Number of protein chains: 2
Amino acid sequence: MELSIRYRMEMPPRQRLSREAWAEAGLRALTAGGVAAVAVEPLAAALGTTKGSFYWHFSDREELVRAALELWELEQTSAVIDELSTLEEPRERLRVLLTLVLTHRDGPDPVAQLFRDIAHPEVAAAVRRVTSRRIDFVAGELESTGMPRAEARRRAAVAVAAYVGWWQLNAVLPEDAPVGRDARQHAKVLWLVCEAALT
Amino acid sequence: MELSIRYRMEMPPRQRLSREAWAEAGLRALTAGGVAAVAVEPLAAALGTTKGSFYWHFSDREELVRAALELWELEQTSAVIDELSTLEEPRERLRVLLTLVLTHRDGPDPVAQLFRDIAHPEVAAAVRRVTSRRIDFVAGELESTGMPRAEARRRAAVAVAAYVGWWQLNAVLPEDAPVGRDARQHAKVLWLVCEAALT
DNA sequence: TGCTTTCCGTACGGCGGCGTATGGAGCTGT
DNA sequence: ACAGCTCCATACGCCGCCGTACGGAAAGCA
């Protein structure tokens with residue numbers, strides 16, 4: 001057994017990590033670099049610890065991926081709920097929502113980021129749950145404005161698709177697909193999908 | 001030097017591979033599994049050869065990725081041109097195009113597949129070129145129908161975003177985001193983005 | 001102060017992929 | 001038939017990551 005480097009270097013004893021700390025680090029890596037970035041050894045180095053810590057809290061790498069996805073789903077749903085809790089009117093709150101999601105954001109939507117690893121079964125299941133709930137919500141709002149059920153669901157799907165694709169475009173052509181303040185006019189276009197009558 | 005397994009097994013002498021064969025195999029892997037799937041040794045195994053062949057035609061793995069992307073851009077542009085060569089009227093051919101891209105396809109659009117590796121600089125550049133040309137085309141068609149330049153570009157961006165996102169959704173929720181014959185009604189919704197007047 | 005439980009550090013073996021070195025096969029021309 | 005050129009097979013060394021084994025530090029408790 002070699003001497004501890006930390007001891008020889010007189011480094012302060014770092015604090016011990018919880019399972020949650022690992023899960024949060026995994027989520028950060030997941031949304032930043034995809035499933036491939038959820039790697040034990042690089043994460044350990046980033047956290048200033050070693051694999052020994054990780055394998056105490058988790059059985060294997062897949063368990064960390066699952067924990068990160070669960071964390072993401074929790075934050076994701078609560079974030080959406082918070083965003084909508086201030087709105088009340090059925091029709092106008094949908095319109096505001098469409099504007100909000102494009103203009104009042106700093107980073108890319110994690111869902112759009114996760115589509116890159118859609119081949120991973122756990123990721124696919126999580127994305128499926130969150131995305132279908134979004135479509136359900138938009139379709140429900142449209143129905144409550146008097147739109148027929150089937151048409152409402154189709155429009156909701158297109159609107160969510162446009163939203164997802166918007167972040168993809170933003171990553172590669174931010175001039176054509178801006179987010180934030182510059183996206184106000186684009187949000188109006190997106191609103192057409194929900195509001196305009198079919199000819 | 002060991003004896004050649006092929007000789008011992010009396011296998012027929014396989015034919016020699018060209019650089020183009022490698023590039024096509026790379027493109028297939030790229031659109032199927034992303035940049036990570038463009039791996040020399042697995043591809044060599046799939047082609048029934050070894051790395052020796054690869055490194056004769058290419059200097060390294062990155063060169064294969066570039067070759068696959070170039071091949072894709074060539075096929076992609078010619079495919080689009082072929083799709084449009086049968087149409088002539090400025091406004092109606094845009095409408096037909098929007099329907100076409102959702103209904104007359106069997107596999108997912110490679111562009112949507114490539115968005116997963118948008119962090120890769122070569123991929124980003126290729127996707128940027130193809131995507132901006134698509135937006136240019138749609139925006140040009142809209143302008144030729146009398147729509148103001150800025151509004152045309154915004155709508156084109158939203159339409160292309162919806163198209164890109166559609167394939168993402170299709171991968172995870174094919175019920176809500178169908179392609180082929182079942183997408184006719186959805187194509188009409190997409191058409192709203194181009195045609196409807198802003199309120 | 002010792003003892004136990006909790007947590008982490010380190011070394012190790014393994015695997016898969018990259019790129020290199022080198023020795024050929026197999027065709028081509030003379 | 002022989003030389004030369006094109007193309008491929010095999011063996012290596014390397015690196016990054018996974019998961020395990022095991023020992024030891026820290027923290028709580030007696």
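Below, chain A is the first sequence line, B the second, and so on; all start at residue 1. Quick caveat: nothing in here was measured; it's all calculated off a predicted structure.
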Which pairs count as salt bridge (Lys or Arg N to Asp or Glu O under 4.0 Å) when at least one residue sits in residues 154-172 of chain B, sequence neighbours excluded?
-> B/E151-B/R154, B/E151-B/R155
Can you list every pair that meets salt bridge (Lys or Arg N to Asp or Glu O under 4.0 Å) and has a residue in residues 158-171 of chain B, with sequence neighbours left out?
-> none
Phosphate oxygens OP1/OP2 of C/dG9: is one of them under 4.0 Å from a side-chain N or O of A/T49?
-> yes
Using a cut-off of less than 4.0 Å, is there contact between a side-chain N or O of B/H57 and OP1 or OP2 of D/dC8?
-> yes
Qualifying residues under side chain to side chain contact (heavy atoms under 4.5 Å, CB included), relative to [X], sequence neighbours excluded:
X      : value
A/A183 : A/L102, A/T103
A/L71  : A/A23, A/E24, A/L27, A/E75
B/V101 : B/L97, B/Y163

Given atom [atom1] of [X] and atom [atom2] of [N], what is their separation to the nearest angstrom?
X     : N      : atom1 : atom2 : answer
B/L43 : C/dC18 : CG    : C1'   : 13 Å
A/W56 : D/dA26 : CH2   : P     : 17 Å
B/F58 : D/dC7  : CZ    : P     : 13 Å
B/L17 : C/dG26 : CG    : P     : 16 Å
A/F54 : C/dC8  : CZ    : P     : 12 Å

Does the side chain of A/V111 reach to within under 4.5 Å of the side chain of A/R134, using non-hydrogen atoms?
-> yes
Using a 4.5 Å cut-off on heavy atoms from C-beta on, say whether the side chain of B/V193 contacts that of A/L192.
-> no
Give, ordered by number, those residues of residues 63-70 of chain A having at least one heavy-atom distance below 4.0 Å to an atom of DNA chain D; if nothing qualifies, reply none.
-> none
Of all of residues 22-36 of chain B, which get a heavy atom below 4.0 angstrom from DNA chain D, listed by number?
-> none
Any pair counted as ring-ring contact (aromatic ring centres under 6.0 Å, His included), so long as it reaches residues 35-54 of chain B, sequence neighbours left out | B/W22-B/F54, B/F54-B/F58
Kindly list each side-chain donor-acceptor pair under 3.5 angstrom involving residues 169-178 of chain A, sequence neighbours excluded, with atom names and distances?
residue : atom : partner : partner atom : Å
A/N170  : ND2  : A/A177  : O            : 2.8
A/D176  : OD1  : B/R153  : NE           : 2.7
A/D176  : OD1  : B/R153  : NH2          : 3.3
A/D176  : OD2  : B/R153  : NH2          : 3.1

Please write out the pairs of protein N or O atoms and N or O atoms of nucleotides 16-18 of chain D separated by less than 3.5 Å, giving the distance to one decimal.
residue : atom : partner : partner atom : Å
D/dC18  : OP1  : A/V40   : N            : 3.3
D/dC18  : OP1  : A/R61   : NE           : 3.2
D/dC18  : OP2  : A/V40   : N            : 2.8
D/dC18  : OP2  : A/E41   : N            : 3.2
D/dC18  : N4   : A/K51   : NZ           : 3.3

Return a table of donor-acceptor pairs under 3.5 angstrom between the side chains of residues 112-125 of chain A and protein atoms on other chains or two or more places apart.
residue : atom : partner : partner atom : Å
A/Q113  : NE2  : A/T31   : O            : 3.2
A/R116  : NE   : A/Q113  : O            : 3.3
A/D117  : OD2  : A/V35   : N            : 2.6
A/H120  : ND1  : A/E122  : N            : 3.1
A/H120  : ND1  : A/V123  : N            : 3.4
A/H120  : NE2  : A/E62   : OE1          : 3.3
A/H120  : NE2  : A/E62   : OE2          : 3.2

Which residues satisfy the salt bridge (Lys or Arg N to Asp or Glu O under 4.0 Å) test with A/R128, sequence neighbours excluded?
-> none
